[in-house]
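The figures here come from the full heavy-atom set of this structure, side chains too, leaving out hydrogens, waters and symmetry mates. The chains referred to below are lettered A, B, ... by the order of the sequence lines, with proteins before strands, and numbering in each begins at 1. Remember, it's a predicted structure, so these values are computed and weren't measured experimentally.
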Amino acid sequence: MMAEGMLDYLIPLAILILSPFIGGLLIGIDRKVTARIQNRAGPPIVQPFYDVLKLFGKEDKVVNKTYLVFGCAYLFTVILSLALLLFKYDLLITTFIFGLSFIFLVLAGYSTRSQFGYMGATRELMQMLTYEPILLFAVFLIRLVTGSFETDAIFKASEPLLFTLPLALLAIFVILPIKARKSPFDISEAHQEIAQGPETEYSGKYLGLLYIAHFFELIFVLWFVSLFYVKGFWLLPGWAMQALLMAAAYVFLIVVDNLTARLRVDQMLKQVFIVGMALLALNLIYIIATGRWIA
Amino acid sequence: MSLTELARKKSPWVIHVGTGGCNGCDIELLACLAPRYDISRFGVMSTGNPKHADIMLVVGPVSLKYKEIIKNLYDQMPDPKVVIAVGTCASTGGIYQGCYGHCGSVDKVIPVDVYVPGCNVRPEAIIDGLVLALDILNEKERKLLSEKKGAA
(Lines give C-alpha, C1' and ligand atoms only; values in the text may rest on other atoms or scores of the structure.)
Protein backbone atom coordinates (compact mmCIF):
# COMPACT_ATOMS: atom_id res chain seq x y z
CA MET A 1 0.00 0.00 0.00
CA MET A 2 2.77 2.38 1.01
CA ALA A 3 4.91 1.35 -1.94
CA GLU A 4 2.09 2.07 -4.37
CA GLY A 5 1.67 5.54 -2.91
CA MET A 6 5.40 6.17 -3.27
CA LEU A 7 5.35 5.00 -6.89
CA ASP A 8 2.66 7.57 -7.69
CA TYR A 9 5.17 10.28 -6.86
CA LEU A 10 8.40 8.64 -8.00
CA ILE A 11 7.37 7.98 -11.61
CA PRO A 12 6.26 11.56 -12.36
CA LEU A 13 9.40 12.83 -10.64
CA ALA A 14 11.57 10.60 -12.82
CA ILE A 15 9.77 11.79 -15.96
CA LEU A 16 10.15 15.41 -14.85
CA ILE A 17 13.91 15.01 -14.33
CA LEU A 18 14.37 13.11 -17.60
CA SER A 19 12.14 15.41 -19.68
CA PRO A 20 14.83 17.93 -20.76
CA PHE A 21 16.94 15.03 -22.05
CA ILE A 22 13.98 13.40 -23.82
CA GLY A 23 12.88 16.78 -25.20
CA GLY A 24 16.39 17.53 -26.48
CA LEU A 25 16.64 14.13 -28.14
CA LEU A 26 13.20 14.58 -29.74
CA ILE A 27 14.25 17.93 -31.19
CA GLY A 28 17.49 16.32 -32.42
CA ILE A 29 15.55 13.51 -34.10
CA ASP A 30 13.26 16.13 -35.62
CA ARG A 31 16.25 17.98 -37.13
CA LYS A 32 17.69 14.73 -38.47
CA VAL A 33 14.39 13.57 -40.00
CA THR A 34 13.79 17.00 -41.53
CA ALA A 35 17.27 16.87 -43.06
CA ARG A 36 16.69 13.39 -44.47
CA ILE A 37 13.37 14.50 -45.97
CA GLN A 38 15.26 17.31 -47.73
CA ASN A 39 17.92 14.79 -48.87
CA ARG A 40 20.58 16.27 -46.58
CA ALA A 41 22.81 14.42 -44.12
CA GLY A 42 21.72 16.59 -41.20
CA PRO A 43 23.28 17.16 -37.77
CA PRO A 44 23.70 14.31 -35.25
CA ILE A 45 20.69 13.71 -33.01
CA VAL A 46 22.51 15.00 -29.92
CA GLN A 47 22.98 18.36 -31.65
CA PRO A 48 20.57 20.30 -29.31
CA PHE A 49 22.73 19.30 -26.33
CA TYR A 50 25.86 20.53 -28.10
CA ASP A 51 24.07 23.80 -28.80
CA VAL A 52 23.01 24.28 -25.18
CA LEU A 53 26.46 23.34 -23.82
CA LYS A 54 28.12 25.73 -26.21
CA LEU A 55 25.75 28.53 -25.24
CA PHE A 56 26.68 28.02 -21.58
CA GLY A 57 30.35 28.49 -22.53
CA LYS A 58 29.78 31.81 -24.30
CA GLU A 59 29.98 35.39 -23.14
CA ASP A 60 26.58 36.92 -22.37
CA LYS A 61 25.86 40.36 -23.69
CA VAL A 62 23.20 41.76 -21.39
CA VAL A 63 20.95 44.60 -22.54
CA ASN A 64 19.07 45.15 -19.28
CA LYS A 65 18.20 43.04 -16.26
CA THR A 66 14.43 42.96 -16.75
CA TYR A 67 14.39 40.66 -19.72
CA LEU A 68 16.70 38.20 -17.99
CA VAL A 69 14.24 37.98 -15.07
CA PHE A 70 11.35 37.36 -17.49
CA GLY A 71 13.37 34.74 -19.34
CA CYS A 72 14.07 32.83 -16.12
CA ALA A 73 10.41 33.23 -15.09
CA TYR A 74 9.46 31.68 -18.44
CA LEU A 75 11.67 28.66 -17.76
CA PHE A 76 10.35 28.19 -14.21
CA THR A 77 6.67 28.50 -15.16
CA VAL A 78 7.12 25.96 -17.96
CA ILE A 79 8.75 23.52 -15.53
CA LEU A 80 6.01 24.23 -12.98
CA SER A 81 3.21 23.58 -15.46
CA LEU A 82 4.84 20.32 -16.58
CA ALA A 83 5.23 19.27 -12.93
CA LEU A 84 1.55 20.08 -12.20
CA LEU A 85 0.49 18.03 -15.21
CA LEU A 86 2.68 15.04 -14.30
CA PHE A 87 1.61 15.04 -10.64
CA LYS A 88 -2.05 15.04 -11.79
CA TYR A 89 -3.00 18.42 -10.41
CA ASP A 90 -5.96 20.55 -11.49
CA LEU A 91 -6.04 20.65 -15.31
CA LEU A 92 -7.44 24.20 -15.42
CA ILE A 93 -4.66 25.59 -13.20
CA THR A 94 -2.07 23.73 -15.28
CA THR A 95 -3.37 25.30 -18.49
CA PHE A 96 -3.42 28.75 -16.91
CA ILE A 97 0.18 28.42 -15.70
CA PHE A 98 1.26 27.20 -19.13
CA GLY A 99 -0.42 30.32 -20.55
CA LEU A 100 1.43 32.40 -17.96
CA SER A 101 4.74 31.10 -19.24
CA PHE A 102 3.89 32.47 -22.70
CA ILE A 103 3.02 35.80 -21.09
CA PHE A 104 6.45 35.93 -19.47
CA LEU A 105 8.03 35.32 -22.87
CA VAL A 106 5.94 38.16 -24.34
CA LEU A 107 7.02 40.48 -21.51
CA ALA A 108 10.64 39.43 -22.09
CA GLY A 109 10.24 40.41 -25.74
CA TYR A 110 8.72 43.78 -24.87
CA SER A 111 11.30 44.64 -22.20
CA THR A 112 14.27 44.28 -24.56
CA ARG A 113 13.16 47.46 -26.36
CA SER A 114 14.41 46.24 -29.72
CA GLN A 115 12.25 46.33 -32.82
CA PHE A 116 12.61 42.62 -33.42
CA GLY A 117 11.78 41.86 -29.81
CA TYR A 118 8.68 44.06 -30.00
CA MET A 119 7.47 42.48 -33.20
CA GLY A 120 8.11 38.95 -31.96
CA ALA A 121 6.32 39.66 -28.68
CA THR A 122 3.29 41.08 -30.49
CA ARG A 123 3.12 38.03 -32.72
CA GLU A 124 3.52 35.78 -29.69
CA LEU A 125 0.54 37.57 -28.13
CA MET A 126 -1.55 36.98 -31.25
CA GLN A 127 -0.61 33.30 -31.14
CA MET A 128 -1.76 33.13 -27.52
CA LEU A 129 -5.02 34.78 -28.54
CA THR A 130 -5.49 32.00 -31.08
CA TYR A 131 -4.68 28.88 -29.11
CA GLU A 132 -5.66 29.79 -25.55
CA PRO A 133 -9.50 29.85 -26.01
CA ILE A 134 -9.40 26.55 -27.90
CA LEU A 135 -7.25 24.92 -25.22
CA LEU A 136 -9.51 26.26 -22.46
CA PHE A 137 -12.68 25.04 -24.14
CA ALA A 138 -11.07 21.64 -24.63
CA VAL A 139 -10.34 21.57 -20.90
CA PHE A 140 -13.98 22.50 -20.18
CA LEU A 141 -15.13 19.66 -22.43
CA ILE A 142 -12.86 17.27 -20.52
CA ARG A 143 -14.51 18.56 -17.33
CA LEU A 144 -17.97 17.88 -18.82
CA VAL A 145 -17.03 14.29 -19.66
CA THR A 146 -15.07 13.34 -16.55
CA GLY A 147 -16.99 15.38 -13.98
CA SER A 148 -13.93 17.03 -12.46
CA PHE A 149 -11.08 19.35 -13.38
CA GLU A 150 -8.59 17.04 -11.65
CA THR A 151 -6.27 15.20 -14.05
CA ASP A 152 -6.80 12.13 -11.89
CA ALA A 153 -10.45 12.01 -13.02
CA ILE A 154 -9.29 11.36 -16.59
CA PHE A 155 -7.48 8.22 -15.42
CA LYS A 156 -10.55 7.13 -13.45
CA ALA A 157 -13.09 7.80 -16.24
CA SER A 158 -14.99 4.78 -17.60
CA GLU A 159 -13.82 5.22 -21.19
CA PRO A 160 -10.82 7.04 -22.74
CA LEU A 161 -11.31 10.66 -23.77
CA LEU A 162 -10.61 9.70 -27.38
CA PHE A 163 -14.00 7.99 -27.64
CA THR A 164 -15.96 10.87 -26.11
CA LEU A 165 -13.91 13.84 -27.38
CA PRO A 166 -12.45 12.84 -30.76
CA LEU A 167 -13.07 16.26 -32.33
CA ALA A 168 -11.57 18.08 -29.33
CA LEU A 169 -8.39 16.06 -29.87
CA LEU A 170 -8.48 17.11 -33.52
CA ALA A 171 -8.81 20.76 -32.44
CA ILE A 172 -5.77 20.33 -30.17
CA PHE A 173 -3.86 18.81 -33.09
CA VAL A 174 -4.69 21.96 -35.08
CA ILE A 175 -3.15 24.21 -32.41
CA LEU A 176 -0.25 21.82 -31.78
CA PRO A 177 2.18 23.55 -34.21
CA ILE A 178 1.50 26.89 -32.49
CA LYS A 179 2.49 25.54 -29.10
CA ALA A 180 5.52 23.68 -30.45
CA ARG A 181 6.57 26.75 -32.53
CA LYS A 182 6.66 24.92 -35.80
CA SER A 183 5.71 25.78 -39.35
CA PRO A 184 3.03 26.85 -40.46
CA PHE A 185 2.63 28.74 -37.18
CA ASP A 186 6.25 29.56 -36.27
CA ILE A 187 5.24 33.17 -36.70
CA SER A 188 6.81 34.58 -33.55
CA GLU A 189 10.14 32.75 -33.94
CA ALA A 190 10.59 33.23 -37.70
CA HIS A 191 14.35 33.40 -37.60
CA GLN A 192 14.72 34.19 -41.30
CA GLU A 193 12.34 37.10 -40.90
CA ILE A 194 12.54 38.73 -37.48
CA ALA A 195 15.62 37.05 -35.98
CA GLN A 196 13.80 34.76 -33.52
CA GLY A 197 11.39 37.34 -32.15
CA PRO A 198 11.36 37.59 -28.35
CA GLU A 199 14.67 35.72 -28.14
CA THR A 200 16.57 38.23 -30.27
CA GLU A 201 18.48 39.95 -27.48
CA TYR A 202 19.29 36.81 -25.53
CA SER A 203 22.79 35.44 -25.83
CA GLY A 204 25.10 33.09 -23.99
CA LYS A 205 23.72 31.10 -21.09
CA TYR A 206 20.41 32.94 -20.96
CA LEU A 207 19.66 31.77 -24.50
CA GLY A 208 20.66 28.30 -23.29
CA LEU A 209 18.03 28.55 -20.54
CA LEU A 210 15.38 29.43 -23.13
CA TYR A 211 16.43 26.39 -25.15
CA ILE A 212 15.99 24.17 -22.11
CA ALA A 213 12.55 25.73 -21.58
CA HIS A 214 11.67 24.73 -25.14
CA PHE A 215 12.64 21.12 -24.35
CA PHE A 216 10.27 21.12 -21.37
CA GLU A 217 7.56 22.80 -23.43
CA LEU A 218 7.64 20.07 -26.09
CA ILE A 219 7.22 17.38 -23.43
CA PHE A 220 4.33 19.31 -21.86
CA VAL A 221 2.50 19.57 -25.17
CA LEU A 222 2.98 15.89 -26.03
CA TRP A 223 1.93 14.77 -22.53
CA PHE A 224 -1.20 16.92 -22.73
CA VAL A 225 -2.17 15.20 -25.99
CA SER A 226 -1.44 11.77 -24.51
CA LEU A 227 -4.06 12.32 -21.78
CA PHE A 228 -6.68 11.48 -24.41
CA TYR A 229 -5.91 7.78 -24.20
CA VAL A 230 -4.81 6.60 -20.76
CA LYS A 231 -6.64 3.24 -20.67
CA GLY A 232 -5.16 -0.05 -21.76
CA PHE A 233 -6.19 -1.44 -25.13
CA TRP A 234 -6.14 -5.17 -25.96
CA LEU A 235 -2.73 -6.34 -24.67
CA LEU A 236 -1.16 -2.91 -24.31
CA PRO A 237 -1.17 -1.20 -20.90
CA GLY A 238 -2.26 2.42 -20.44
CA TRP A 239 1.21 3.95 -20.52
CA ALA A 240 1.97 2.25 -23.85
CA MET A 241 -1.17 3.76 -25.37
CA GLN A 242 -0.08 7.14 -23.98
CA ALA A 243 3.36 6.74 -25.55
CA LEU A 244 1.76 5.74 -28.87
CA LEU A 245 -0.44 8.83 -28.86
CA MET A 246 2.59 11.01 -28.06
CA ALA A 247 4.51 9.43 -30.93
CA ALA A 248 1.56 10.02 -33.28
CA ALA A 249 1.39 13.70 -32.26
CA TYR A 250 5.15 14.03 -32.74
CA VAL A 251 5.13 12.49 -36.22
CA PHE A 252 2.17 14.74 -37.09
CA LEU A 253 4.24 17.76 -35.98
CA ILE A 254 7.26 16.81 -38.11
CA VAL A 255 5.18 16.05 -41.21
CA VAL A 256 3.16 19.27 -40.99
CA ASP A 257 6.34 21.25 -40.30
CA ASN A 258 7.89 19.97 -43.52
CA LEU A 259 4.79 20.23 -45.66
CA THR A 260 3.81 23.82 -45.00
CA ALA A 261 5.20 27.32 -45.28
CA ARG A 262 4.75 30.06 -42.71
CA LEU A 263 1.37 31.80 -42.61
CA ARG A 264 0.60 35.40 -41.75
CA VAL A 265 -0.79 36.27 -38.33
CA ASP A 266 -4.28 37.12 -39.61
CA GLN A 267 -4.43 33.91 -41.69
CA MET A 268 -3.54 31.88 -38.60
CA LEU A 269 -6.13 33.69 -36.49
CA LYS A 270 -8.92 33.13 -39.00
CA GLN A 271 -8.18 29.55 -39.96
CA VAL A 272 -7.25 28.08 -36.61
CA PHE A 273 -9.87 29.91 -34.58
CA ILE A 274 -12.77 29.09 -36.89
CA VAL A 275 -11.78 25.47 -37.50
CA GLY A 276 -10.92 24.80 -33.85
CA MET A 277 -14.07 26.39 -32.48
CA ALA A 278 -16.27 24.57 -35.00
CA LEU A 279 -14.71 21.24 -34.05
CA LEU A 280 -15.22 21.93 -30.34
CA ALA A 281 -18.83 23.02 -30.86
CA LEU A 282 -19.59 19.85 -32.86
CA ASN A 283 -18.07 17.76 -30.12
CA LEU A 284 -20.15 19.57 -27.47
CA ILE A 285 -23.29 18.79 -29.46
CA TYR A 286 -22.20 15.14 -29.73
CA ILE A 287 -21.62 14.86 -25.99
CA ILE A 288 -24.98 16.43 -25.13
CA ALA A 289 -26.88 14.42 -27.75
CA THR A 290 -25.46 11.08 -26.57
CA GLY A 291 -25.82 12.04 -22.90
CA ARG A 292 -22.20 11.47 -21.96
CA TRP A 293 -21.82 14.68 -19.99
CA ILE A 294 -21.68 14.80 -16.22
CA ALA A 295 -22.96 18.05 -14.69
CA MET B 1 39.38 18.78 -24.31
CA SER B 2 36.60 19.72 -21.94
CA LEU B 3 32.93 19.13 -22.68
CA THR B 4 32.29 22.81 -23.42
CA GLU B 5 35.16 22.89 -25.91
CA LEU B 6 33.86 19.78 -27.63
CA ALA B 7 30.39 21.33 -27.81
CA ARG B 8 31.86 24.56 -29.16
CA LYS B 9 33.52 22.62 -31.95
CA LYS B 10 30.32 20.74 -32.74
CA SER B 11 27.90 23.64 -32.93
CA PRO B 12 29.14 26.72 -34.77
CA TRP B 13 26.37 29.17 -35.55
CA VAL B 14 27.06 31.30 -38.56
CA ILE B 15 26.04 34.79 -39.58
CA HIS B 16 26.38 35.48 -43.29
CA VAL B 17 27.24 39.06 -44.20
CA GLY B 18 27.22 40.22 -47.82
CA THR B 19 28.94 43.59 -48.10
CA GLY B 20 28.10 44.47 -51.66
CA GLY B 21 30.18 42.42 -54.08
CA CYS B 22 29.20 40.63 -57.26
CA ASN B 23 27.03 38.00 -55.47
CA GLY B 24 29.09 35.10 -56.89
CA CYS B 25 30.56 33.99 -53.55
CA ASP B 26 27.15 34.47 -51.91
CA ILE B 27 25.70 31.81 -54.14
CA GLU B 28 28.59 29.43 -53.48
CA LEU B 29 28.09 29.99 -49.76
CA LEU B 30 24.40 29.18 -50.04
CA ALA B 31 25.33 26.04 -52.01
CA CYS B 32 27.18 24.91 -48.86
CA LEU B 33 23.88 24.95 -46.97
CA ALA B 34 22.03 23.10 -49.72
CA PRO B 35 21.83 19.27 -49.90
CA ARG B 36 25.03 18.60 -51.87
CA TYR B 37 27.60 20.10 -49.47
CA ASP B 38 25.24 20.31 -46.48
CA ILE B 39 27.37 21.98 -43.76
CA SER B 40 24.59 21.50 -41.22
CA ARG B 41 26.07 18.06 -40.65
CA PHE B 42 28.81 19.85 -38.68
CA GLY B 43 26.08 21.47 -36.59
CA VAL B 44 26.21 24.74 -38.49
CA MET B 45 23.06 26.79 -38.14
CA SER B 46 22.61 29.92 -40.20
CA THR B 47 21.28 32.72 -37.99
CA GLY B 48 20.50 36.25 -39.02
CA ASN B 49 21.28 37.42 -35.53
CA PRO B 50 24.80 38.51 -34.49
CA LYS B 51 23.99 37.93 -30.80
CA HIS B 52 23.55 34.20 -31.41
CA ALA B 53 26.46 33.76 -33.83
CA ASP B 54 29.95 32.34 -33.31
CA ILE B 55 31.31 32.72 -36.82
CA MET B 56 30.93 35.63 -39.21
CA LEU B 57 31.26 34.83 -42.89
CA VAL B 58 31.99 38.03 -44.79
CA VAL B 59 31.50 37.99 -48.54
CA GLY B 60 32.62 40.77 -50.88
CA PRO B 61 34.70 43.94 -50.48
CA VAL B 62 33.57 46.37 -47.80
CA SER B 63 31.93 49.43 -49.28
CA LEU B 64 32.29 52.68 -47.36
CA LYS B 65 28.59 52.67 -46.52
CA TYR B 66 28.87 49.18 -45.08
CA LYS B 67 31.95 49.93 -42.93
CA GLU B 68 30.02 51.04 -39.86
CA ILE B 69 27.40 48.33 -40.19
CA ILE B 70 29.94 45.52 -40.28
CA LYS B 71 31.80 46.99 -37.31
CA ASN B 72 28.52 47.18 -35.43
CA LEU B 73 27.68 43.58 -36.26
CA TYR B 74 31.14 42.45 -35.12
CA ASP B 75 30.82 44.29 -31.81
CA GLN B 76 27.44 42.71 -31.12
CA MET B 77 28.79 39.16 -31.40
CA PRO B 78 29.60 37.61 -28.02
CA ASP B 79 33.06 36.09 -27.43
CA PRO B 80 34.54 33.73 -28.58
CA LYS B 81 34.02 34.82 -32.19
CA VAL B 82 35.77 34.20 -35.47
CA VAL B 83 35.65 36.12 -38.74
CA ILE B 84 36.15 34.34 -42.06
CA ALA B 85 36.79 36.40 -45.19
CA VAL B 86 35.24 34.41 -48.04
CA GLY B 87 36.52 35.07 -51.55
CA THR B 88 39.28 37.18 -53.06
CA CYS B 89 37.38 40.45 -52.66
CA ALA B 90 36.91 39.98 -48.93
CA SER B 91 40.51 38.83 -48.46
CA THR B 92 42.37 41.47 -50.48
CA GLY B 93 39.91 43.75 -52.21
CA GLY B 94 40.18 41.89 -55.51
CA ILE B 95 39.17 43.75 -58.62
CA TYR B 96 37.56 46.44 -56.49
CA GLN B 97 40.96 47.54 -55.17
CA GLY B 98 41.35 51.29 -55.44
CA CYS B 99 37.72 51.91 -56.27
CA TYR B 100 36.38 55.18 -54.83
CA GLY B 101 33.44 53.58 -53.03
CA HIS B 102 35.34 50.84 -51.28
CA CYS B 103 37.78 50.52 -48.43
CA GLY B 104 39.13 47.27 -49.85
CA SER B 105 39.52 44.11 -47.80
CA VAL B 106 37.63 43.19 -44.64
CA ASP B 107 40.73 43.18 -42.39
CA LYS B 108 40.94 46.97 -42.69
CA VAL B 109 37.71 47.19 -40.68
CA ILE B 110 37.60 44.18 -38.35
CA PRO B 111 40.22 41.53 -37.43
CA VAL B 112 40.01 38.50 -39.74
CA ASP B 113 41.08 35.02 -38.61
CA VAL B 114 40.67 32.88 -41.71
CA TYR B 115 41.09 33.88 -45.36
CA VAL B 116 39.43 31.72 -48.01
CA PRO B 117 40.75 32.74 -51.45
CA GLY B 118 39.13 32.16 -54.81
CA CYS B 119 37.04 34.03 -57.35
CA ASN B 120 34.56 32.69 -56.82
CA VAL B 121 35.38 30.33 -54.00
CA ARG B 122 34.66 26.63 -54.25
CA PRO B 123 32.21 25.32 -51.65
CA GLU B 124 34.89 22.81 -50.60
CA ALA B 125 37.23 25.71 -49.82
CA ILE B 126 34.56 27.36 -47.65
CA ILE B 127 34.08 24.11 -45.73
CA ASP B 128 37.86 23.87 -45.24
CA GLY B 129 37.91 27.41 -43.91
CA LEU B 130 35.05 26.65 -41.53
CA VAL B 131 36.80 23.60 -40.13
CA LEU B 132 39.96 25.66 -39.65
CA ALA B 133 37.93 28.32 -37.85
CA LEU B 134 36.55 25.77 -35.37
CA ASP B 135 40.04 25.20 -33.89
CA ILE B 136 40.64 28.94 -33.67
CA LEU B 137 37.39 29.35 -31.66
CA ASN B 138 38.71 27.22 -28.81
CA GLU B 139 42.17 28.81 -29.00
CA LYS B 140 40.62 32.25 -28.69
CA GLU B 141 38.55 31.26 -25.69
CA ARG B 142 41.65 29.86 -23.95
CA LYS B 143 43.51 33.08 -24.66
CA LEU B 144 40.65 35.16 -23.26
CA LEU B 145 40.52 33.05 -20.10
CA SER B 146 44.28 33.29 -19.51
CA GLU B 147 44.11 37.07 -20.04
CA LYS B 148 41.33 37.26 -17.46
CA LYS B 149 43.44 35.24 -15.03
CA GLY B 150 46.42 37.51 -15.66
CA ALA B 151 44.33 40.60 -14.97
CA ALA B 152 42.90 39.21 -11.73
Query raised in the report: For chain B, which residues from residues 102-123 of chain A lie under 4.5 Å away (heavy-atom distances)?
Result: none
Query raised in the report: Taking Asn258(A) for the side chain and Ile254(A) for the main chain, is one N or O donor matched with an acceptor at less than 3.5 Å?
Result: yes
Query - Which atoms of Asp75(B) approach chain A - backbone, side chain, both or neither, heavy atom under 4.5 Å - result: backbone
Requested in this report: May I ask you to say whether Arg181(A) pairs ionically with Glu124(A), meaning some side-chain N is under 4.0 Å from a carboxylate O?
Outcome: yes
**Report entry** Side chains of Tyr74(A) and Glu217(A), donor plus acceptor under 3.5 Å
**Finding:** yes
Query - Flag if over 12 foreign heavy atoms under 6.0 Å of CZ, Phe76(A) - result: no
Query raised in the report: When only pairs under 4.5 Å are counted, which of Pro43(A), Ser203(A), Gly204(A) shares the most heavy-atom pairs with chain B?
Result: Pro43(A)
Report task. Sort Leu137(B) into side chain, backbone, both or neither according to what part of it lies under 4.5 angstrom from a heavy atom of chain A. Result -> neither
Report summary line: Taking a cut-off of under 4.5 angstrom between non-hydrogen atoms, the residues of residues 92-116 of chain B near chain A are none
Query raised in the report: Looking at Tyr202(A), is Lys51(B) sitting on its ring face, NZ or CZ under 6.0 Å from the six-membered ring centre and within 45 degrees of the normal?
Result: no
Report summary line: Applying a strict 4.5 Å limit to non-hydrogen atoms, the region of Leu207(A) in contact with chain B is side chain
Query raised in the report: Checking Asn39(A) side chain against Pro35(B) main chain: does a donor-acceptor pair fall under 3.5 Å?
Result: no
**Report entry** Straight-line distance of Tyr50(A) OH to Phe42(B) CZ, nearest 0.5 Å
**Finding:** 13.5 Å
Requested in this report: Establish, for the pair Lys54(A) and Phe49(A), whether the NZ or CZ atom is under 6.0 angstrom from the six-membered ring centre and no further than 45 degrees off its axis.
Outcome: no
Query raised in the report: Is there a side-chain contact between Leu218(A) and Phe215(A) (heavy atoms, below 4.5 Å)?
Result: no
Report task. Using distance alone, with no hydrogens and no angle criterion, decide if Gln47(A) and Asp51(A) have a side-chain donor and acceptor under 3.5 Å apart. Result -> yes
Query raised in the report: Does atom NZ of Lys67(B) have more than 12 heavy-atom neighbours from other groups under 6.0 Å away?
Result: no
Report task. Please indicate whether Glu68(B) has more than 12 foreign heavy atoms, meaning atoms of other residues, nucleotides or ligands, lying under 6.0 Å from its CD. Result -> no
Requested in this report: Considering only heavy atoms, give the residues of residues 8-19 of chain B separated from chain A by less than 4.5 Å, sorted numerically, with 'none' for an empty result.
Outcome: Arg8(B), Lys10(B), Ser11(B), Trp13(B)
Report task. Measure distances from Ser46(B) to the heavy atoms of chain A and classify the residue's part below 4.5 Å as side chain, backbone, both or neither. Result -> backbone
**Report entry** Gln76(B) versus chain A, the contacting section by heavy-atom distance below 4.5 Å
**Finding:** backbone
Query raised in the report: Any donor-acceptor pair under 3.5 Å linking the side chain of His52(B) with the backbone of Glu201(A)?
Result: no
Requested in this report: Go through the structure and list residues passing side chain to side chain donor-acceptor pair (under 3.5 Å) with Arg40(A), not counting sequence neighbours.
Outcome: Gln38(A), Asp38(B), Ser40(B)
Requested in this report: Quick one: which of Ala41(A), Gly57(A), Ala35(A), Gly42(A) has the most heavy-atom pairs under 4.5 Å with chain B, could you say?
Outcome: Gly42(A)
**Report entry** Tyr131(A) and Lys179(A), any side-chain heavy atoms less than 4.5 Å apart
**Finding:** yes
**Report entry** Side-chain heavy atoms of Asp79(B) within contact of Lys58(A), under 4.5 Å
**Finding:** no
